[in-house]
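So that the names make sense, note that chain A is the first sequence line, chain B the second, and so on, each numbered from 1.
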Protein chains: 2
Amino acid sequence: MARGCRREQNLCHGRFKEYGYRLTMSRQAILDVLSKTKDHLSAEEIYHEVHKVYPSSGMSTVYRTLELLVDLGIVHKFHFGDGRSRYEIDRGEEHNDHHHHHLVCTKCQRVINYTDFIDDEIELLRRTEKGLSKKYNFKIVKHILQFYGLCERCKEKQ
Amino acid sequence: MARGCRREQNLCHGRFKEYGYRLTMSRQAILDVLSKTKDHLSAEEIYHEVHKVYPSSGMSTVYRTLELLVDLGIVHKFHFGDGRSRYEIDRGEEHNDHHHHHLVCTKCQRVINYTDFIDDEIELLRRTEKGLSKKYNFKIVKHILQFYGLCERCKEKQ
DNA sequence: ACTGTTAATGGGAATGGTTCCCATTAACAG
DNA sequence: CTGTTAATGGGAACCATTCCCATTAACAGT
């Protein structure tokens, strides 16, 4: 198990126990893959990575586990417009410097995590959330902010 | 053809001609459906609406036309997490009071368009866009901001 | 208005991501 | 170590979307 993941691992293991879920090989492997990358992996990519370590695992388990992790708030699920879901582990949004949003190239599907301007953003989003909660009597759980456009490379090719 | 849609219709017709596309019955019907609603219709819902007016139309035409409209910037495509794409006609984003974002209930899939706090948002997003464009050499075309949570009704049922 | 060119259509088949089903396996409490 | 049962894996099913191709209709030129 990767060293850098200890914190997340322990956190997740704790949360698993807490909710009465079993910590299986597959689940550990999936968590491990997600902990090690800053990318936005698709279910299939996760499946392939997991396979390298634990070759008997199946696709349905990957999907089931991801759904569980999303429900537990351990993982976030995104759509960037290429028809498949993408997954990213939660690294403690809002409370440290890992909070980020996405910049998506509509041509090559490249996704950049950016953390610039995040402080102003968080401030505004928090205000907006508060206002919206009140006005529409909504319990807001999360937000998604994505910018779409053409990346450096694709911009030039046009 | 609905009265209230004249402006959008003319705009779109103009843009169609301009690009050398034919203005067919199906395309008119689809534009008409999208012009008349403030909802976020799925392809199937649009197909059903179009069918009422023009029963010989087919599903592939709906998808093809929607793709074209999205490419022309006449229609926006969204994902709210229920596995199907949703479409909304452009009513002149940024330049008038129609700019809005979405509030999505993760339980019942209800989507609320909100326009509150939009001025501050637009201001911040514009600044962020400018900064990101520069830093990452990205040509930003659009952004998506969505809040997810539980709506009034679903909140209580829990 | 008529006609020819060809963009656009419609229907069904194919695709591909995701979910479902169920017999088998393995986590973990006692 | 053992029994209970949650979790798994593999394949079939599902469903939104895309593809294919013979047919139709938009519209430019006459």
Side-chain angles (χ1 to χ4, degrees), chain A residues 9 12-33 40-72 74-75 77-87 109, chain B residues 9 12-33 40-72 74-75 77-87 109:
Chain A
Q9 290 293 339
C12 296
H13 293 193
R15 232 179 303 189
F16 261 85
K17 298 274 185 191
E18 191 182 326
Y19 285 94
Y21 295 109
R22 293 179 183 176
L23 195 47
T24 64
M25 297 296 273
S26 292
R27 286 174 177 173
Q28 286 184 60
I30 292 166
L31 272 172
D32 205 33
V33 167
H40 336 269
L41 302 179
S42 66
E44 207 185 351
E45 287 165 344
I46 293 167
Y47 171 73
H48 282 306
E49 286 304 309
V50 166
H51 235 241
K52 290 181 191 167
V53 177
Y54 187 61
S56 73
S57 63
M59 201 61 189
S60 17
T61 299
V62 170
Y63 274 107
R64 251 179 323 215
T65 301
L66 287 171
E67 193 187 0
L68 177 64
L69 293 170
V70 169
D71 286 349
L72 293 178
I74 294 168
V75 164
K77 183 177 181 178
F78 296 99
H79 294 268
F80 295 135
D82 66 343
R84 71 193 70 186
S85 301
R86 306 251 160 206
Y87 301 86
Q109 302 296 332
Chain B
Q9 291 292 341
C12 297
H13 293 192
R15 234 181 300 191
F16 262 84
K17 298 274 185 191
E18 190 182 329
Y19 285 94
Y21 294 110
R22 294 180 182 173
L23 195 47
T24 64
M25 298 296 275
S26 292
R27 286 174 176 173
Q28 288 184 59
I30 291 166
L31 272 171
D32 204 32
V33 167
H40 336 270
L41 301 179
S42 66
E44 208 187 347
E45 287 166 343
I46 293 167
Y47 171 73
H48 283 307
E49 286 303 309
V50 167
H51 234 241
K52 290 181 191 168
V53 177
Y54 187 60
S56 74
S57 64
M59 200 63 190
S60 17
T61 299
V62 171
Y63 275 107
R64 252 180 324 218
T65 301
L66 288 171
E67 192 188 0
L68 177 63
L69 293 170
V70 169
D71 286 350
L72 293 178
I74 295 169
V75 163
K77 184 177 180 176
F78 296 99
H79 294 269
F80 295 136
D82 67 342
R84 71 193 69 188
S85 301
R86 306 252 160 204
Y87 301 86
Q109 302 295 333

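- The NZ atom of A/Lys77 sits 11 Å away from the C1' atom of C/dT19 (whole-angstrom rounding).
- No side-chain heavy atom of A/Val70 sits under 4.5 Å from any side-chain heavy atom of A/Glu67.
- Helical stems of DNA chain C (runs of at least 3 Watson-Crick or G-U pairs, donor-acceptor distances under 3.5 Å) are listed by first residue: C:1-30 with D:1-30.
- Between A/Gly20 and A/Tyr47, the residue anchored nearer the 5' end of DNA chain D, judged by the nucleotide with its closest heavy atom, is A/Gly20.
- Among the atoms of the strands shown, only primed sugar atoms or phosphate atoms (P, OP1, OP2) are found under 4.0 Å from some heavy atom of B/Gly83.
- A salt bridge links A/Glu49 to A/Lys52: one of the charged nitrogens lies within less than 4.0 Å of a carboxylate oxygen.
- Rounded to an integer number of Å, the gap from B/Arg86 CZ to D/dA16 P is 10 Å.
- Taking every heavy atom of residues 52-64 of chain A and every atom of DNA chain D, pairs under 4.0 Å involve A/Tyr54, A/Ser56, A/Ser57, A/Gly58, A/Ser60, A/Thr61, A/Arg64, by number.
- Distances shorter than 4.0 Å separate some side-chain N or O of B/Thr24 from OP1 or OP2 on C/dT9.
- A donor-acceptor contact under 3.5 Å is formed by the side chain of B/Arg22 with the base of C/dA7.
- Minimum atom distance to the side chain of B/Arg27 is reached by C/dA8, of the listed D/dA26, C/dA8, D/dT8.
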In sequence, state the C-alpha distance, the side-chain angles, and the governing distance for B/Thr61 and B/Arg64, and then conclude on side-chain contact (heavy atoms from CB on, under 4.5 Å). CA-CA 5 Å; B/Thr61 299; B/Arg64 252 180 324 218; 3.1 Å; yes

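- The interatomic distance linking A/Leu31 (CG) with D/dA7 (C1') rounds to 15 Å, in whole Å.
- Distance CE (B/Met25) to P (D/dA26): 7 Å, rounded to an integer number of Å.
- By the 4.5 Å heavy-atom criterion applied to side chains, B/Val75 and B/Ile30 are not counted as neighbours.
- In this structure, A/Arg84 places its CZ atom 14 Å from P of C/dT19, rounding to the nearest Å.
- What separates CD of B/Glu45 from C1' of D/dA16 is a distance of 13 Å, to the nearest Å.
- Atom pair A/His51:NE2 and D/dT8:P shows a separation of 14 Å (rounding to whole Å applied).
- Atoms CD (B/Glu67) and P (C/dA8) sit 13 Å apart, rounded to a whole Å.
- Relative ring orientation between B/Tyr21 and B/Phe16 is described as perpendicular, the plane-to-plane angle rising above 60° on a 0-90° scale split at 30° and 60°.
- Rounding to the nearest 0.5 Å places CD of B/Glu44 at 11.5 Å from NE2 of B/His51.
- With respect to the salt-bridge test (charged N to carboxylate O, under 4.0 angstrom), the residues A/Glu45 and A/Arg86 qualify.
- The distance from the NZ atom of A/Lys77 to the CG atom of A/Leu69 is 12.0 Å, given to the nearest 0.5 Å.
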Between B/His40 and B/Phe80, does the ring pair (Phe, Tyr, Trp, His ring centres under 6.0 Å) criterion hold? Intermediate values first, please. CA-CA 10 Å; B/His40 336 270; B/Phe80 295 136; 5.7 Å; yes

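- In this structure, the side chains of B/Leu66 and B/Ile46 come closer than 4.5 Å at one or more pairs of heavy atoms.
- In this structure, of D/dT8, D/dT17, C/dG17, it is D/dT8 that holds the atom nearest to the side chain of A/Ser26.
- Sequence order on DNA chain D of the closest nucleotides to B/His79 and B/Tyr21 puts B/His79 first from the 5' end.
- In this structure, B/Ser42 reaches neither bases nor backbone, as no heavy-atom distance under 4.0 Å exists between it and the strands shown.
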